[in-house]
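All values below come from the heavy atoms of this structure, side chains included, with hydrogens, waters and symmetry mates left out. Lettering follows sequence order; numbering is per chain, from 1.
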Amino acid sequence: MPELPEVETVVRDLRPLVCGHRITDVINGPHRLRRPWRDEWNERVVGRTVQALDRRGKWIIAELDSPARLLVHLGMTGQFTVAPLTDPLPTHTHWYLVLDGRWRWQFRDIRRFGSVELLADAPTLEAFLAKRLGPEPFALQAQPWLVTLNKSQRPLKALLLDQAVVAGVGNIYADEALFAAGLHPLHPGAATTPAQAERLRVALAAVLTRAIDERGSTIRNYVGGSGLAGRYQTAFAVYGRAGQACRQCGTEIGCIRVAGRSTHYCPTCQPQASA
DNA sequence: CCGACGTCCTGCTAGC
DNA sequence: TGCTAGCAGGACGTCG
């Protein structure tokens with residue numbers, strides 16, 4: 001399940017493969033993605049050259065040599081890769097661009113929670129993202145972060161999953177960051193002290209940085225833009241480790257349901273009433 | 001206004 | 001051994 005480190009890895013992998021390359025065709029499959037691709041967008045991408053590739057939260061943004069901006073979300077099972085056009089089309093490939101008549105920049109998504117769409121221009125894109133996303137985790141500032149947490153009665157786990165609170169964190173890295181900060185997932189945002197908020201802010205950046213260094217985590221079918229898997233999953237402290245011993249204290253890792261998501265934590269390292 | 005919950009979708013797997 | 005129910009969860013709409 002692609003979160004910030006996985007999306008960042010995809011973008012870094014894809015950048016040299018797509019930037020400077022010309023889009024010579026676009027093919028849209030019959031299966032509807034979460035946000036469907038419109039046929040009238042075809043003529044606005046064909047003939048254009050990819051100028052830049054960026055990430056904001058879990059969204060991938062392709063800048064073209066026109067005002068239009070391509071916006072991609074990998075959802076749960078999305079794979080965004082470049083392969084020779086002569087390679088067989090992978091199953092569940094719902095959309096692709098042909099680059100220079102030789103390469104297939106393909107969007108494969110088994111569960112179709114992902115999307116590929118075209119936005120008119122940079123301001124439209126900015127408005128789209130601003131409406132949905134809070135700050136990047138690396139750009140969080142101590143005081144505003146504390147204020148945001150303290151404003152809400154929701155548990156810290158729910159706040160970390162909320163893209164408007166902080167952009168790019170999903171179920172895996174929320175659990176890992178809370179462990180690294182020594183905070184219980186159910187700890188109410190409003191009850192968070194300045195010291196706790198600071199621990200969480202630092203832990204988030206540390207966990208995400210390390211995950212990016214490891215090319216993200218491959219849990220089910222995530223691959224980077226070059227088709228290479230991630231390796232951070234071997235470093236998980238809590239995620240997917242329910243019933244196993246905590247690497248830090250030996251206590252059995254617990255699993256509870258928070259904000260509709262399975263949530264993994266160490267009852268000893270992350271005490272309910274931690275100060 | 002805020003927060004909780006249901007929905008989408010398919011593949012894997014636990015359990016009978 | 002084979003079947004099926006249940007689970008996985010990111011974003012967003014709806015409901016209380």
Side-chain angles (χ1 to χ4, degrees), chain A residues 1-11 29-37 55-61 71-80 90-95 107-117 119 125 127-134 136-137 147-178 185-192 204 208 211 216-223 229-230 233 236 238-243 253-265:
Chain A
M1 44 216 83
E3 302 179 26
L4 187 152
E6 291 75 29
V7 177
E8 180 64 28
T9 301
V10 168
V11 166
H31 290 283
R32 187 198 153 93
L33 294 170
R34 174 161 185 83
R35 314 170 66 85
W37 177 264
R55 177 195 62 76
R56 177 80 169 86
K58 300 175 196 170
W59 297 88
I60 299 169
I61 300 150
L71 186 62
V72 177
H73 198 292
L74 300 178
M76 283 283 297
T77 53
Q79 300 179 341
F80 204 25
T91 56
H92 304 290
T93 301
H94 303 296
W95 176 97
F107 185 75
R108 173 174 190 256
D109 186 2
I110 294 169
R111 276 149 76 175
R112 314 210 311 265
F113 278 21
S115 60
V116 184
E117 64 199 294
L119 297 189
L125 172 72
F128 180 98
L129 295 175
K131 195 171 91 183
R132 291 167 172 78
L133 302 182
E136 287 288 313
V147 169
T148 300
L149 297 182
N150 283 167
K151 265 195 307 204
S152 174
Q153 299 303 318
R154 296 155 77 195
L156 289 178
K157 172 67 184 273
L159 289 168
L160 288 178
L161 291 177
D162 187 340
Q163 301 303 295
V165 168
V166 56
V169 180
N171 205 38
I172 294 171
Y173 298 105
D175 284 1
E176 293 298 317
L178 285 168
L186 287 174
H187 188 87
T192 308
L204 258 182
L208 294 171
S217 312
T218 293
I219 299 298
R220 283 171 189 88
N221 43 28
Y222 160 78
V223 293
Q233 63 278 5
F236 288 165
V238 287
Y239 184 83
R241 297 194 66 242
I253 299 299
C255 185
I256 54 175
R257 202 115 186 122
V258 183
R261 298 291 172 254
S262 55
T263 298
H264 315 75
Y265 71 107

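The phosphate of B:dT10 (OP1 or OP2) has a side-chain N or O of A:Arg112 nearer than 4.0 angstrom. An OP1 or OP2 oxygen of B:dG6 is reached within less than 4.0 angstrom by no side-chain nitrogen or oxygen of A:Arg261. Contact check, A:Gln163 against C:dG10: no side-chain N or O comes under 4.0 Å of OP1 or OP2. In this model, the phosphate group of B:dC9 is not approached by any side-chain N or O of A:His31 to a distance below 4.0 Å at OP1 or OP2.
For the pair A:Ile110 CD1 and C:dG10 P, the interatomic distance rounds to 16 Å; values are reported in whole Å. One atom, CG of A:Leu160, and another, C1' of C:dG10, lie 15 Å apart when rounded to the nearest Å.
A donor N or O paired with an acceptor N or O is found under 3.5 Å between the base of B:dC9 and the side-chain atoms of A:Arg111. The base of C:dA11 does not come close enough to the side chain of A:Arg132 for any donor and acceptor atom to sit less than 3.5 Å apart.
In this structure, the side chain of A:Gln163 engages the main chain of A:Gly168 through a donor-acceptor pair within 3.5 Å.
Each of B:dG3, C:dA8, B:dT10 was ranked by its minimum atom distance to the side chain of A:Ser262; first place goes to C:dA8. Among the nucleotides B:dG11, B:dG3, C:dA11, the one closest to any side-chain atom of A:His73 is C:dA11.
Looking at heavy-atom distances under 4.0 Å, A:Arg32 makes no contact with the nucleic acid at all. As judged by a 4.0 angstrom heavy-atom cut-off over every strand, A:Tyr239 is placed among residues touching the sugar-phosphate backbone only.
Between A:Phe107 and A:His94, the ring center distance fails the sub-6.0 Å criterion.
Between A:Cys255 and A:Arg35, the residue anchored nearer the 5' end of DNA chain C, judged by the nucleotide with its closest heavy atom, is A:Cys255.
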